[in-house]
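In what follows, a single structure is set out as structure tokens and then discussed.
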Amino acid sequence: MPAAVRFLLSLLMSFLAWTLPVACGSAGAASAQAPMRTLFLDHGREDLRGHVSVLIDATKSLKFRDVSDAAHRRDFTHLDSDLNAGLLDATVWLRFEVQRAPRRGQEWWLEVQPNTIERAVLYVPDFDGNYSAYVSGSAIPFSQRDLRYRNPMFKLHVWSTRPQVFYLKVKTRGSVAPRLTLWQPAEFLDAVGREQTAFGLYLGVYAMLVLASFWFERALRDGVYRSFGVYVFCCMLLMLGDTGLLFQYAFPEHPLWARTAFGLIIAFSLYACVDFLFRFLDMPRRYPRLTRRYLGAVGIFSLLVAAGVLIAGYVETIRVLSVALTFFVAPLTFALLVKPALDSVQEVRYAFLITGVLMFVGLMVQFLLRLGYIERNWITEYSAVIASLVFFLIIYYAISRRYYAMRAAKDAAQKKLLEISHRTEMQLEQQVAARTEDLQQAMATVEHALAQERAAYEEQRQFIATVSHELRTPLAVIDATAQNLTRDVGQASAKALMRLEKIRQASERLSSLFDIYLSSNRLDVLSRGTAPTDVSLLPLLEDAIAAAQPLADRHRFILEQEGMPSRIWSDPDLLRLVLRTLADNAVKYTPSGSTVRLRAAMQEDGWRIEIADDGPGIPEDEQGLIFERFFRGRAASGNPGSGLGLALARRLVEMLGGTLILDTQIRQGATFRIWLPDPSRVSEA
């Protein structure tokens, strides 16, 4: 599939004309001695085909005085059709003779086609037999022309009814195939009006295709619509450049800019065309690696063409491009796409076939028109334009069918999704009902378990309270008896008095344990959570010392009050349990006569409380386990306990928002350090 119709046909025509000799271009030409045919100007529009003689100056040295001399007139060759000299590096002289009908006006306008002729000089005869020269062409700014029109135009006057001879000098670096037409001004203006209307409608259709494509792309997020819109837009620019409208309206005073811009448009349009065709045939999905590599190669080739236009020039680059496009890019692209096109859906397959036939017909019509084998009229003249418009309409119909197919698939998918959603909703309702019933049963089971737990807890409280009450009475009797015996023995031996003192201390210790661990107040404290308040610290430390005294064996308690804060923010009940536990451990796990120190200090963000002893310390292998539940170290041998004291103490400190850590070294004692936060300072930070 070739690139955009207009510029591809022009390039292929240029190449085919280049490969054919001048004789082919002047098919049907008479001999050099054939008489020149005079064109009788009797209509508003007169085509000069068949009334022109040509002289090709390969040396480019002939002047007008030379070719108009009687000696050189015999060198002109009469043409029975339009000249198609191909790509020539020469100067072409055209000679024609006209005679005006008496009823026609004197002023005529000569139109020279195509608009790509760079320089055309018309020599018009004067009254005295001399000639005046007028210049036009694509290399001439519009301000220096007789008429501001896309094709080279000349004003000439046919002064009388006798024949007059005109000479036209053509110099161009492209294909030399000039076509000459004489117009009456009124007829020309009417034709231009119709032409501009047709061009406006043509461009309007293109613009609607571009806008519709971008709308489809925005709605469907399908890249084929975006690439089609870009391709159509490029073809709009190509049509404007190929017809000369780009030069006429965009760069009227800068011919070189117009050619350069047209060359860049051609370079970009080549890539846009191939990109659209690959997406149109769904090549990125079928052959992703081939698509990436081929589009990358075409993109690099387009950049090289653009660089050639900017550096080497438009004409030289287009000559190379015509060969490369004819023998490499177009055949290779067609070879890659023909099988995917035939294997594609019906709309794509028929669109590919019909558009290919249309462009081939347009190509042949333009070629035969150049050679003079078919009659020139508006259908043949604009066959490529018509073919390109039909091409885009067919392609647009094909991609529109793609939209309808996608919409039908989307509707079917939505319908299926609604069915699945409805079915899923029913299943979900059933599952929700089943899960709700299971949840209600689970909630009933949990409520029953909670009720049982509350009952068991209450029974436990009652049992503990009963045991505590029942044991307090014999303990009180034992303590009272021990005190009475101490008073009664009087001057008894020291050994007996020591034994009685041990009995009294043991009873006090048991009473203290009941107060600490089996009291209902302690259970209430653990279950209700924390209730911090502004509390005095010194009484709590003194209480811890008093609670540990019954276990002491000549232990010394030192309460360091220097630097001690008078009040802290904490839960007094929980903190009391923690301090009693730590003081109790300091007595239980240190030798007789050890010293226990209690101190406290204010810190930047809270308070620090320490209970330290000078005992043997805690072994290194036990330090990481000391706060684990039910763990008892080697030093606990022979001492009653369950291993829950330190674990409970750390938990209570954490409930207060603080930390409890151990600082110990072998044979240097152990220090338990409590840190409690100050809420006022924490909030300020």
Side-chain angles (χ1 to χ4, degrees), residues 512-513 515-517 519 521-548 557 559-561 563-590 596-613 615 617-618 622-633 636 641-664 669-683 685:
S512 175
L513 290 176
D515 291 338
I516 296 174
Y517 296 107
S519 66
N521 180 59
R522 180 177 183 273
L523 296 177
D524 292 338
V525 168
L526 294 177
S527 61
R528 66 173 167 78
T530 62
T533 184
D534 185 29
V535 61
S536 178
L537 179 60
L538 182 59
L540 295 177
L541 295 175
E542 293 174 342
D543 175 78
I545 294 174
F557 292 92
L559 182 58
E560 300 178 358
Q561 299 186 28
M564 179 183 297
S566 60
R567 307 190 70 80
I568 65 173
W569 184 264
S570 182
D571 188 317
D573 295 327
L574 296 182
L575 185 57
R576 179 181 293 107
L577 291 177
V578 174
L579 295 175
R580 284 186 176 186
T581 300
L582 296 178
D584 181 61
N585 280 5
V587 171
K588 288 171 60 178
Y589 301 116
T590 57
V596 179
R597 296 179 181 273
L598 289 80
R599 51 182 175 261
M602 176 76 72
Q603 289 188 331
E604 181 179 355
D605 54 350
W607 301 278
R608 185 184 75 249
I609 305 172
E610 295 181 354
I611 298 180
D613 62 67
I618 299 174
E622 296 180 0
Q623 294 177 13
L625 304 173
I626 196 69
F627 292 104
E628 296 292 333
R629 298 181 63 189
F630 306 111
F631 175 78
R632 306 194 73 203
S642 60
L644 294 175
L646 289 178
L648 177 61
R650 171 172 276 188
R651 178 189 169 196
L652 294 177
V653 172
E654 291 176 348
M655 290 173 61
L656 295 171
T659 58
L660 173 61
I661 61 175
L662 168 66
D663 184 5
T664 181
T671 300
F672 288 89
R673 185 175 294 113
I674 302 171
W675 173 82
L676 296 175
D678 184 352
S680 62
R681 299 188 182 183
V682 172
S683 60

Is any side-chain heavy atom of L579 less than 4.5 Å from a side-chain heavy atom of D543? no
Would you say that D571 contacts M655 through its side chain, given a criterion of any heavy-atom pair below 4.5 Å between the two side chains? no
Supply the atom-to-atom distance R608 CZ to I674 CD1, rounded to the nearest 0.5 angstrom. 11.5 Å
Hey, are the side chains of L577 and D573 touching, using non-hydrogen atoms and a 4.5 Å cut-off? no
If only atom types and distance count, is the side chain of R650 paired as donor or acceptor with the main-chain N or O of L660 below 3.5 Å? yes
Heavy-atom closest pair, residues F672 and L646: CE2-CD2, 3.9 Å
Rounded to the nearest 0.5 Å, the OG1 atom of T581 sits from the NZ atom of K588 at a distance of 9.5 Å
Counting C-beta onward and ignoring hydrogens, is there a side-chain heavy-atom pair between I545 and L559 closer than 4.5 Å? yes
Do V535 and W569 have side chains that get closer than 4.5 Å, going by heavy atoms? no
Can you give me the closest heavy-atom contact between A612 and R599, atom names plus distance? CB-NH2, 3.9 Å
Close side-chain approach of I568 and L575, heavy atoms under 4.5 Å: yes
For the atom pair CD1 (I661) and CH2 (W675), what is the distance rounded to the nearest 0.5 Å? 11.5 Å
Paired with L582, the side chain to side chain contact (heavy atoms under 4.5 Å, CB included) test is passed by just one of L598, I611, I609, namely I611
Hey, are the side chains of W607 and L537 touching, using non-hydrogen atoms and a 4.5 Å cut-off? no
Heavy-atom donor-acceptor pair, D613 side chain to G669 backbone, under 3.5 Å: no
Determine whether V587 and F557 make a side-chain contact, defined as any pair of heavy atoms from C-beta on separated by less than 4.5 Å. yes
Looking only at non-hydrogen atoms, find the nearest pair between R567 and S536 and report the distance. NH1-CB, 3.6 Å
Closest non-hydrogen atoms of A544 and A583, given as atom of the first, atom of the second and distance, are O-CB, 3.7 Å
With side chain to side chain contact (heavy atoms under 4.5 Å, CB included) as the test, would you mind laying out the steps for L574 and V578 before giving the verdict? CA-CA 6 Å; L574 296 182; V578 174; 5.6 Å; no
What distance separates L538 CG from M564 CE, expressed to the nearest 0.5 Å? 6.0 Å
In Å and rounded to the nearest 0.5 Å, what is the CD to CD distance from Q561 to E542? 7.0 Å
Residues G615 and T590: closest non-hydrogen pair is CA-CG2, 4.0 Å
